[in-house]
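Throughout, protein chains are lettered first and strands after them, A, B, ... in sequence-line order, and every chain is numbered starting at 1.
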Number of protein chains: 2
Amino acid sequence: MPRKLAYRNLPQLFLRAREELLSHFRPIITHFGLTEQQWRILRAIAETEQLEPREICEICQILSPSLTGVLSRMEDVGLITRTRMAEDQRRVLVRMTPKSEKLVAELGPLIVEQYKIIEQAFGAELINELYTVLDKVISIERGPIPQVKLPPRKELADY
Amino acid sequence: MPRKLAYRNLPQLFLRAREELLSHFRPIITHFGLTEQQWRILRAIAETEQLEPREICEICQILSPSLTGVLSRMEDVGLITRTRMAEDQRRVLVRMTPKSEKLVAELGPLIVEQYKIIEQAFGAELINELYTVLDKVISIERGPIPQVKLPPRKELADY
DNA sequence: ATGGAATCATTAACATATTAGATAGTCAAC
DNA sequence: GTTGACTATCTAATATGTTAATGATTCCAT
């Protein structure tokens, strides 16, 4: 007997909608030999001259262990430099290279162009609604959200 | 000279918003030893008794090569069965097992409960706005969306 | 000064994402 | 009944996501 949950899968709608948009940007990014994450990172650094890894994690929605690898690869191909801070030997400074500066100078405008095309196709009102609603989800202060009580069992083998 | 693109990063807002919601469901799913994708798949199959891989790809937003691995692991731990169709030897039918039936019977209600909690915390209007806007992005028919012309070069080494 | 808590980055182990290509089966035209 | 286009799935190679644990510093209260 097929069992249908009483609501639609909201997180999944996000995935679809995001893909609907991103699919029009991805070709541009990959054309330049970048991955989506690498572009996110370059774009973030380009706005501030330099960033620390934990800041990049926060801004780009990348977990720390993932970022370590991404930055290593980017360093290998000369897209960024990593230098430890003198004052605090735990921290690291990530900067762009001339190479990635050039890259962003070419790629950035294309992204902007594509964005305009998308705004045309989707309609400016829809895009604005998106910003509004997403911002509400993200930045509205709500107290701690309770968590349902979980039963004791944990292992798949128990079923 | 820090260079700021003229618009916010929309796909990234989706990531954040999605995480804002999913973070309240993830503990439930992992508590039962499932991954997010495994739960998406079980939930989809539970609604229709059986599905073919390409249908699962479509429904769950998982690419075919990823799905192959996920299904293999799920088969290994006895969450699903895979059987080739007699009429068309290319196609496969994926079904739940008694084990996963039990699992979904326990997990499903907890997800529904948590969903209600979240609806409370975020407000029913916001949730409804979300459905409305996301649906517009996903399911509105638009013609083919043009793609910006890309310059000839392609290799990172050229920079 | 010193030991323990906290912080930042990394490593390890596993699961998934992404792109390209391979494989095997189906089907229609010839 | 073969060929060739097409379809559904899978492999392979590389990149990233996820959770837990480690290593190296810094900080803070004693």
Any side-chain heavy atom of A:Ile140 within less than 4.5 Å of one from B:Phe122?
no
Pick the closest DNA chain C nucleotide for A:Glu52 and for B:Gly69 by heavy atoms, then say which residue is nearer the 5' end.
A:Glu52
Between B:Gln61 and A:Ser66, who's closer to the 5' end of DNA chain C by nearest nucleotide?
A:Ser66
Could you check how far CD of A:Glu19 sits from C1' of C:dT18, rounded to whole Å?
11 Å
Counting only heavy atoms not in A:Gln50, do more than 12 fall under 6.0 Å of its CD?
yes
Taking only the side-chain heavy atoms of A:Pro65 (C-beta and beyond), determine which of C:dT18, D:dG17, C:dA12 contains the nearest atom.
C:dA12
Ignoring the backbone of A:Arg54, work out which of C:dA17, C:dA15, C:dA9 is nearest its side chain.
C:dA9
Bend angle of the helix from C:dA1-D:dT30 to C:dC30-D:dG1, end axes from five pairs each (to 10°):
10°
Starting from A:Ile118, can I reach B:Leu15 by hopping between I/L/V/M/F/W/Y residues whose side chains sit under 4.5 Å apart?
no
Please work out which residues in residues 79-95 of chain A have a non-hydrogen atom less than 4.0 Å from an atom of DNA chain D and list them by number.
A:Glu87, A:Asp88, A:Gln89, A:Arg90
If the cut-off is 4.0 Å, is B:Gln38 near the phosphate of C:dA15, judged by side-chain N/O to OP1 or OP2?
no
Is a salt bridge present between A:Glu36 and A:Arg40, judged by a nitrogen-to-oxygen distance below 4.0 Å?
yes
Other than A:Met85, what residues sit in its cluster of Ile, Leu, Val, Met, Phe, Trp and Tyr side chains whose heavy atoms are under 4.5 Å apart, directly or through others?
A:Leu93
Tell me whether B:Gln12 contacts the main-chain N or O of A:Ile59 through its side chain, where contact means a donor paired with an acceptor under 3.5 Å.
yes
